[in-house]
Amino acid sequence: MHEPQLTMVSLSFKTIPLKKTNELAAFTLVVNKNFRLSSTKKVPEHDYIMTALSKPATMTLPYDWNGEMGGNNEKVESCLGEKHLLNIFLKELRQIDPDIILGHDLLDFGLEYILQRMKVHSVNGWSRLGRIKRKDMPRMAAQIGLARAGHDACNGRLVADTKTSAMELVKMRDYNLTSLCEEQIPEQLSGLKPHFLYACKNRKEYLPEHIVEAFGSSNTLRMLLQENINDCFRNMLISSNIQSLPLAVQITNICGNILSRTLSRGRAERNAYLLLHAFHKKDHLPPPPYKKKTVEDGDKKGPKFAGGMVLEPKKGLYTNYILLLDFNSLYPSIIQEYNICFTTTAMQAPPDLPKTMEEGILPFEIKKLVNRRKEVKKLIKNEKNADELARLNIRQLGLKLTANSMYGCLGFTASRFCAQPLAALVTAKGREILEATKVFVEKMNLEVVYGDTDSIMINSNSTNISEVMKLGNLVKKEVNKHYRLLEIDIDGAYKSMLLLKKKKYAAIDQNGKEEFKGLDIVRRDWSEIARNEGRTILKLLLHEQDEEEGVRKIHEHLEMIGTEAGKQRI
DNA sequence: CCCGGGAGCGC
DNA sequence: AGGCGCTCCCGGG
């Protein structure tokens, strides 16, 4: 299908404290008129940059400010005040007429903030933010972060928010722009100058007082504006690195929902669209919305049904190989294996397996997603072209994410297709399967040391990796005999492992890769030194095959730390 | 001392 | 604006 060329603008702005609020002080628009949503290109392109600056109410511009950025950057448009700046912003937007607005934290903050400032100044043309001429501003919530008026005002344009997208697609501690730059901008990218990439990756946070200070001289003001320009490029780099736009296109294509919603709203709505299409296609009425049994059921917080099973860990240090097996896509597979669906299963507690032989709509849809993914994976195997490969990978990911999110939405109270009895049935079968697998493996005279929801860890009592893999394949073959399409697979083998508690362990796998799960050292509520030292000690223990020697080395290291701390070197 | 509840993880 | 399970830690009684 021919894909249209779109106009994208990357937006970044700076504000200055003013009484109890902030006023808009400067903005930059980086414009790309040849943007394609599905493009997997990593190097951002742009046609031109536009920056505008206002004289804040409480400050003066530097006496020698000449509106020049120096170098080959464009001239800065200087405005008399915030209202003037806002009008220039709207004028530019009108000329550019972007299809896509890209930025960081636009959805929960940025757009709402700009709209708020326009309201303060009664800016007439505010509806130019979007593509519909409107008289009344959408009503804003008292609190920014809860409202959607800013986004609403941008009707007709896609809003791509690097914060929102990153929160969905990558696991990070913080999603502020500085952290995103650090973690989501690559070290190197052919086609980009290393020093520019380095500058983008290493963002300096401008606190409000720094912005105020920057207005003190032309040089510092230029630096501030340059950073604002760089923020635009940073968001372009982050966006193309996490591939949020091509993925959103794929997900929208898979679910048949609305693209702007894929970029802004939760997963439940996407799944609802997919299911509504499916029910319609089969000429079947969608199920009535799920009703809670009692009022208290709806109000009480906490779990509404039982989840996965966690096996009691056999705690200790293991220096033989621990075999790691897990079921592929356990919950989507259970839905298919047992034909669990709105159309086949009674909405009751305790839930009961369906008796009908007719395939339900939900398992049918999941099967389609899984099969389509298999097809794409086949294509990936034979594909040589890098661009096409990237495109197929995004497609494969979209299919996987959609299949895997079905269970979660069954349990979600606010979903149109909420069906907690079905979710409860899925997890019940999951617990049953894990328990049965444990019992079965133990009957093979093997020791199960741990397992969580869909995984099982087996003590191989061996230090020979090929023996271990052979054993793994045997277990896999035997377990899989019990199921029609449910499948367990070898996930790896831990060369050594320290198993402390449920969901807390450290290990080194057959390739030397370290895994730390749930321990204090992975938690952000512990100090950096505690995390680092904990890590060092675990590494000493896990890499040293002889336990006594490991313990001796740890004592030695702790002595050293104590001494250094005493000397106040740490 | 026992609780209930939140963080912040794991899956 | 997917789910629950499990430490931990804290404060109230």
Side-chain angles (χ1 to χ4, degrees), chain A residues 107-108 141 145-148 151 161 164 167-169 171-175 251 255 257-258 260-275 289-290 300-313 315 324-335 340 351 362 366 400-431 433-435 450-457 488 491 499-507 515-526 530-531 534:
Chain A
L107 288 172
D108 283 340
L146 298 172
R148 295 275 183 246
H151 190 198
D161 184 333
T164 302
M167 284 176 76
E168 179 176 347
L169 301 177
K171 196 190 136 197
M172 286 173 56
R173 287 209 156 98
D174 292 300
Y175 294 92
I251 288 173
C255 296
N257 62 327
I258 296 162
S260 65
R261 295 276 186 151
T262 302
L263 288 169
S264 67
R265 302 280 285 234
R267 293 156 177 155
E269 187 179 274
R270 303 171 192 169
N271 289 9
Y273 270 75
L274 185 146
L275 289 171
Y290 174 72
K300 76 160 187 232
K301 47 187 163 178
K304 273 125 195 119
F305 56 92
M309 165 179 268
V310 187
L311 301 182
E312 196 56 48
K315 299 169 190 174
L324 197 54
L325 294 111
D326 63 10
F327 285 97
N328 298 327
S329 305
L330 181 67
Y331 287 174
S333 302
I334 286 175
I335 293 173
I340 296 170
L362 180 61
I366 289 181
K400 177 179 152 189
L401 291 175
T402 305
N404 286 345
S405 69
M406 283 297 178
Y407 152 74
C409 291
L410 288 180
F412 179 41
T413 322
S415 163
R416 167 63 182 82
F417 286 90
C418 175
Q420 282 164 359
L422 298 190
L425 183 53
V426 171
T427 55
K429 294 314 281 184
R431 292 191 297 275
I433 288 164
L434 190 68
E435 177 65 29
Y450 183 54
D452 186 344
T453 309
D454 62 352
S455 72
I456 208 148
M457 292 187 195
I488 206 168
D491 192 38
L499 181 54
L500 292 175
K501 280 182 184 314
K502 286 181 174 177
K503 298 183 190 287
K504 285 177 190 276
Y505 59 89
E515 297 241 40
F516 300 111
K517 293 293 172 67
L519 303 168
D520 302 332
I521 55 169
V522 305
R523 291 173 67 101
R524 74 179 107 163
D525 45 9
W526 286 72
R531 291 206 306 266

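Keep in mind that what you see is a predicted model, and the values were worked out from it rather than measured. Each chain gets a letter, A, B and so on, in the order the sequences are listed, and its residues count up from 1.
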Quick one: list whatever passes side chain to side chain donor-acceptor pair (under 3.5 Å) with A:Glu168, sequence neighbours left out. A:Arg270

Hits for salt bridge (charged side-chain N to carboxylate O under 4.0 Å, His left out) against A:Lys501, two or more places apart or cross-chain, chain-then-number order -> none

Strictly by salt bridge (charged side-chain N to carboxylate O under 4.0 Å, His left out), give each pair with a member in residues 417-430 of chain A just once, sequence neighbours left out. A:Lys429-A:Glu432

Check the interface with nucleotides 3-6 of chain C: list each N/O to N/O pair with the protein under 3.5 Å, or write none.
{"residue": "C:dC4", "atom": "OP1", "partner": "A:Lys304", "partner atom": "N", "Å": "2.8"}
{"residue": "C:dC4", "atom": "O3'", "partner": "A:Gly307", "partner atom": "N", "Å": "2.6"}
{"residue": "C:dG5", "atom": "OP1", "partner": "A:Gly307", "partner atom": "N", "Å": "3.2"}

Output for pair (A:Leu401 CG, A:Ile251 CD1), nearest 0.5 Å, gives 5.5 Å

Answer with base, sugar-phosphate or nothing: what part of the nucleic acid does A:Phe417 contact at a heavy-atom distance below 4.0 Å? nothing

DNA chain B: first to last nucleotide in contact with chain A (atom under 4.0 angstrom from a heavy atom), 5' to 3', is B:dG5 to B:dC11

Residue closer to the 5' end of DNA chain C, A:Ser264 versus A:Lys501 (nearest nucleotide): A:Ser264

Who passes side-chain contact (heavy atoms from CB on, under 4.5 Å) against A:Ala428, sequence neighbours left out? A:Arg431

A:Met406 or A:Lys504, whichever maps to the more 5' nucleotide of DNA chain C: A:Met406

Rounded to whole Å, the CG-C1' distance (A:Asn271 to C:dA1) equals 12 Å

side-chain contact (heavy atoms from CB on, under 4.5 Å) against A:Phe412, all qualifying residues, sequence neighbours excluded: A:Ala268, A:Ala414, A:Ser415

So, using side chain to side chain donor-acceptor pair (under 3.5 Å) as the criterion, who are the partners of A:Asp520 when residues are at least two apart? none

Starting from P on C:dA1, measure out to CG on A:Leu107 and report it in whole angstrom. 12 Å

Sorted by chain and number, sequence neighbours left out, ring pair (Phe, Tyr, Trp, His ring centres under 6.0 Å) with A:Phe417 holds for A:Phe279, A:Phe342

